[in-house]
There are 2 protein chains.
Amino acid sequence: MVRKPTSKETARKPNMREAILAAAEELFATNGFNAVSVRDIAQAAGANPGSVTYHFKTKDGLLLEIYRRHCGPMNLRRSELLAAAKRVRDLQDRLEAVVRAYVAPAFTSGSDLAGGGARFTRLRAVMSAEGNEVARKIIAQTFDDTSHAFIDAIHDSLPHVPRTDIVWRSHFLLGALYYSLVTPDRVSRLSRGEADGSDAASAIEQLVQATVAAFQAPALDQAAPARRRPVVSKT
Amino acid sequence: MVRKPTSKETARKPNMREAILAAAEELFATNGFNAVSVRDIAQAAGANPGSVTYHFKTKDGLLLEIYRRHCGPMNLRRSELLAAAKRVRDLQDRLEAVVRAYVAPAFTSGSDLAGGGARFTRLRAVMSAEGNEVARKIIAQTFDDTSHAFIDAIHDSLPHVPRTDIVWRSHFLLGALYYSLVTPDRVSRLSRGEADGSDAASAIEQLVQATVAAFQAPALDQAAPARRRPVVSKT
DNA sequence: ATGTGATTTGTACTATCGTACAAAAGATCA
DNA sequence: TGATCTTTTGTACGATAGTACAAATCACAT
């Protein structure tokens with residue numbers, strides 16, 4: 001009800017609304033929610049502070065709209081990739097495909113915006129760390145279904161690992177994923193320039209490889225009392 | 001130069017300063033830096049807002065003092081545990097010991113305060129997510145040495161894995177560690193109550209187990225072109 | 001051209017922020 | 001006890017926060 005594209009062209013506006021959303025997304029993802037003022041956002045978007053109020057009513061409303069904009073497409077993309085991954089026959093390959101289906105959309109585009117996936121994922125990481133109420137509500141009711149679907153798919157590939165362990169390890173995966181987007185420069189620094197933490201392709205491959213191995217680790221119950229067998233040959 | 005314990009007893013004050021530090025630590029770690037006001041901290045500590053200014057001059061100064069309080073002891077503890085871990089002969093066991101030496105102090109006490117390790121680690125996670133300037137400076141110059149020491153130790157146990165991969169995987173470890181402390185309830189929720197995300201012992205064991213396996217994953221270079229061998233038996 | 005609804009601007013209000021500072025209270029020792 | 005130093009309190013100030021709202025401007029169908 002906001003736009004009436006009844007003109008000859010359907011979309012050709014400067015679209016201040018979109019500019020504000022993009023600016024807010026970037027600023028929130030970089031500095032956190034409370035560190036960014038509405039005036040900061042307006043200035044970055046080349047808009048007037050009052051314009052933010054007009055389009056989104058409140059600052060929380062702006063954050064809410066950012067989530068609404070991304071959650072659908074990203075979950076859809078993940079579902080598609082997950083469905084494809086589940087059709088892989090080989091168990092080992094299927095596990096990797098499932099993990100990749102979870103990881104890839106978080107780094108690459110998750111919506112119509114170019115490269116918005118990484119930015120939005122970083123935003124989620126920051127909001128999660130800040131304990132933001134608005135974000136927590138949406139996350140729980142939007143991503144838990146997807147998370148369960150992935151956990152089930154992984155469990156199918158690893159029937160001998162208890163579901164509890166799968167949950168822990170998928171939690172670690174998300175944490176690693178978040179952190180890779182939050183402080184990619186740390187990877188560059190610690191590797192003394194040999195690795196580029198900002199390179200999405202590297203991050204995805206490294207994360208998939210490491211996580212698949214983590215999921216394949218022996219179950220915790222049998223590992224503690226019994227002596228676990230070596231998982232990698234020594235040469 | 002602040003205290004003069006020349007009395008008969010050396011320490012028996014209500015010590016408002018400590019109360020402020022503890023309250024600030026808790027509030028910052030839960031809500032982020034900018035979401036917490038000096039007045040919030042003072043109220044939680046049962047102190048007067050002016051008292052915070054007196055002891056720490058500025059809000060940044062308060063954060064700085066929290067870091068100063070914890071960094072030393074936690075790094076010391078890690079160094080001790082790392083030194084002990086390096087003496088383990090068996091390569092597999094040594095790797096696990098090294099990882100445990102890195103993980104354990106982050107969850108348990110890292111200083112004189114009871115359970116302060118987890119709280120401080122969570123604080124670091126949140127500050128990292130918010131891109132806090134004060135925190136970033138201290139972190140880089142305080143923890144990078146320790147991180148390098150652990151990376152080297154892990155590399156010694158896994159000579160066939162390139163150092164770059166070790167860096168990535170240790171980065172994932174830290175991310176998983178942070179996230180486990182930031183949103184432990186997510187583990188409880190996704191496991192439908194079967195696991196307790198707040199249980200430090202479980203978190204440590206799960207994290208060590210998963211991370212050791214991740215470190216032991218084949219190197220990325222040789223994994224992509226060549227067909228990797230199965231790491232886990234199918235039954 | 002003109003009227004109408006959507007959008008943008010400018011400004012103002014109230015609340016709260018970090019911080020400063022003087023006065024009060026408490027502790028310590030000759 | 002009285003002098004001196006440390007700590008706590010109370011209050012105030014300027015800056016900035018989120019938001020509201022009327023006026024100005026724009027887009028466009030008639």
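In what follows, chains carry the letters A, B, and so on, assigned in the order in which the sequence lines appear, proteins first and then strands, with residues in each chain numbered from 1.
- For A:Thr53 and D:dT19, the shortest distance from a side-chain N or O to OP1 or OP2 is not below 4.0 Å.
- Listed pair B:Ser37 / C:dT16 fails the phosphate criterion, with no side-chain N or O lying under 4.0 Å from OP1 or OP2.
- Annotation for B:Gln43: atom CD does not count as buried by contact number, only 12 or fewer foreign heavy atoms lying within 6.0 Å.
- Between A:Glu26 and A:Arg122, no side-chain nitrogen of the basic residue sits less than 4.0 Å from a carboxylate oxygen of the acidic one, so the salt-bridge criterion is not met.
- Contacts of A:Ser51 with the nucleic acid, taken as non-hydrogen atoms under 4.0 Å apart, include base atoms.
- Looking at the side chain of A:Lys57, the nearest of the listed nucleotides C:dG18, D:dG10, D:dA20 is D:dA20.
- Rounded to whole angstrom, the span from the CE atom of B:Met16 across to the P atom of C:dA25 amounts to 18 Å.
- Ring pair A:Trp168/A:Phe172 is tilted by interplanar angle, where 30° to 60° counts as tilted.
- For A:Asn48, whose side chain is taken as the heavy atoms from C-beta onward, the closest listed nucleotide among D:dT19, C:dT9, C:dT8 is C:dT9.
- One interatomic measurement links the two molecules: OH of B:Tyr54 to P of C:dA25, which rounds to 17 Å at whole-angstrom precision.
- Close to D:dT6, at under 4.0 Å from its OP1 or OP2, lies no side-chain N or O of B:His55.
- Atom CG of A:Asp60 and atom P of D:dA17 are 16 Å apart (whole Å).
- The cationic atom of B:Lys137 (NZ for Lys, CZ for Arg) does not lie both less than 6.0 Å from the six-membered ring centre of B:Tyr67 and within 45° of the ring axis.
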